[in-house]
Amino acid sequence: MDALLPRAFFDRLAEEVAPDLLGCVLTRSTPEGDVSVRLTEVEAYAGLRDPASHAYRGQTGRNAVMFGPPGHAYVYFTYGMHFCVNLVCQGEGTAAAVLLRAGEIIEGGELAAARRPRSTERDLARGPARLCEALGIDRALSGADVCSPSSPLRVLPGSPVPGIRTGPRTGVSSAKDVPWRFWVDGDPSVSPYRVHTPRRRTVIDRA
DNA sequence: CCAATGATTGACT
DNA sequence: GTCAATCATTGGA
């Protein structure tokens, strides 16, 4: 079996780990089979020192995994319907993490397509919630050790990636100026950039 | 207790 | 370009 990324890889600042994750491969194993994605877009979050991080205001039940050791998955549920996955970085207590935003499916494409039946091949993992859906990642995987060979979610090294670009993070409502989104220039699986738009008032709000 | 909203997506004008 | 879906989590009353 191929060697996984060592835990030391993740024991660094998230903004240092993030570009090194591009080209690496995330594999999800289920009884139905394996699906693997080659990462093409990620975002770094610096935990306690980052206003855009879920961990900015300290440890809660939801973000507890981020305060643990590096090399584990932090999965959260958002907008009432989507999951997103991060990989915890740096030492315990810092709550740094890298959000996995997009990639190219390189194994298990049939299973990924079955999980996302209305998606084109290009869009299978083009976005953080799409990536999770294609790989079958949900809350149950939060805390999974991606450095362990027996884990249902693992990360393997990739070949060095040319053309890494950086820019502001997508969809965040604070610290928009920090250029901690990293992607592979020109890769079709990179998600379209969208600025954060505050939600409008609903009918119930006006009643 | 309760109201607000989100590290998004897909559908639609 | 605009907008609704849909609910866990959060922070404040």
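Numbered from 1 within each chain, the chains take letters A, B, ... in sequence-line order.
Figure legend: cation-pi geometry between A:R7 and A:F9 absent, as NZ or CZ is not positioned both under 6.0 Å from the six-membered ring centre and within 45° of its axis. In this structure, A:R139 forms a cation-pi arrangement with A:F77, its terminal cationic atom sitting closer than 6.0 Å to the ring centre and no more than 45° off the ring axis. Geometrically, A:R169 engages A:Y45 in a cation-pi contact, judged by NZ or CZ lying under 6.0 Å from the ring centre and within 45° of the ring axis.
Rounded to whole Å, atom P of B:dT5 lies 17 Å from atom CE of A:M81. The OH atom of A:Y74 sits 14 Å away from the P atom of B:dG6 (whole-angstrom rounding). Look at CZ on A:F83: it is 10 Å from P on C:dA8, rounded to the nearest Å. Atom CZ of A:R116 is separated from atom P of B:dT8 by 14 Å (rounded to the nearest Å). Here B:dA7 presents its P atom at 16 Å from CD of A:E41, a figure rounded to the nearest Å. In this structure, CG of A:L131 is placed 13 Å from C1' of B:dA7, rounded to the nearest angstrom. One interatomic measurement links the two molecules: OH of A:Y79 to C1' of B:dA7, which rounds to 8 Å at whole-angstrom precision. As a whole-Å value, the separation of A:R130 CZ from B:dT8 P is 11 Å.
Residues A:P168 and A:D177 are not in side-chain contact: their nearest non-hydrogen atoms beyond the backbone lie 4.5 Å or more apart.
Using a 4.0 Å heavy-atom distance criterion, A:A52 is classed as a base contact. Nucleic acid contact class of A:R181 (heavy atoms, under 4.0 Å, all strands): none.
Of the candidates B:dA7, B:dG10, B:dG6, B:dG10 carries the atom nearest the A:R118 side chain, counting heavy atoms from C-beta on.
Between the side chain of A:R12 and the backbone N or O of A:Q90 there is no donor-acceptor pair closer than 3.5 Å. Judged by distance alone, with hydrogens and angles left aside, the side-chain atoms of A:S189 form no donor-acceptor pair with the main-chain N or O of A:R126 at under 3.5 Å. The backbone N or O of A:G58 lies less than 3.5 Å from a partner atom in the side chain of A:N63, making a donor-acceptor pair. With hydrogens and angles ignored, the 3.5 Å screen pairs no side-chain donor or acceptor of A:S151 with any backbone N or O of A:R154.
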Does the salt bridge (charged side-chain N to carboxylate O under 4.0 Å, His left out) test come out yes or no for A:E15 and A:R49, once each step is laid out?
CA-CA 12 Å; A:E15 59 269 38; A:R49 63 188 171 91; 2.9 Å; yes
Report the C-alpha distance between A:E133 and A:R115 in whole Å, list the side-chain angles of each, state the deciding distance to 0.1 Å, and finish with yes or no for salt bridge (charged side-chain N to carboxylate O under 4.0 Å, His left out).
CA-CA 7 Å; A:E133 190 169 34; A:R115 291 184 175 129; over 6 Å; no
Given pairs defined as Watson-Crick or G-U wobble with both distances under 3.5 Å, what dot-bracket annotation applies to DNA chain B, with ( ) intrastrand, [ ] crossing, | other strand and . unpaired?
||||||.|||||.
Taking N or O atoms only and anything under 3.5 Å, show me the protein contacts with nucleotides 9-13 of chain C, one pair per line.
unit_1, atom_1, unit_2, atom_2, d
C:dT10, OP1, A:T60, OG1, 2.4

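Comparing the C1' positions of B:dA7 and C:dG1 gives an interatomic distance of 23 Å, to the nearest angstrom. Using atom P as the reference point in both B:dA4 and C:dA4, the two lie 16 Å apart (nearest Å).
Projected onto DNA chain B by closest heavy-atom contact, A:D123 and A:Y45 fall at different nucleotides, the more 5' of which corresponds to A:Y45.
Counting distance only, with no hydrogens placed and no angle test, the side-chain atoms of A:R199 and the base atoms of B:dG6 include a donor-acceptor pair under 3.5 Å.
Between A:H196 and B:dA7 there is no side-chain N or O to OP1 or OP2 distance below 4.0 Å.
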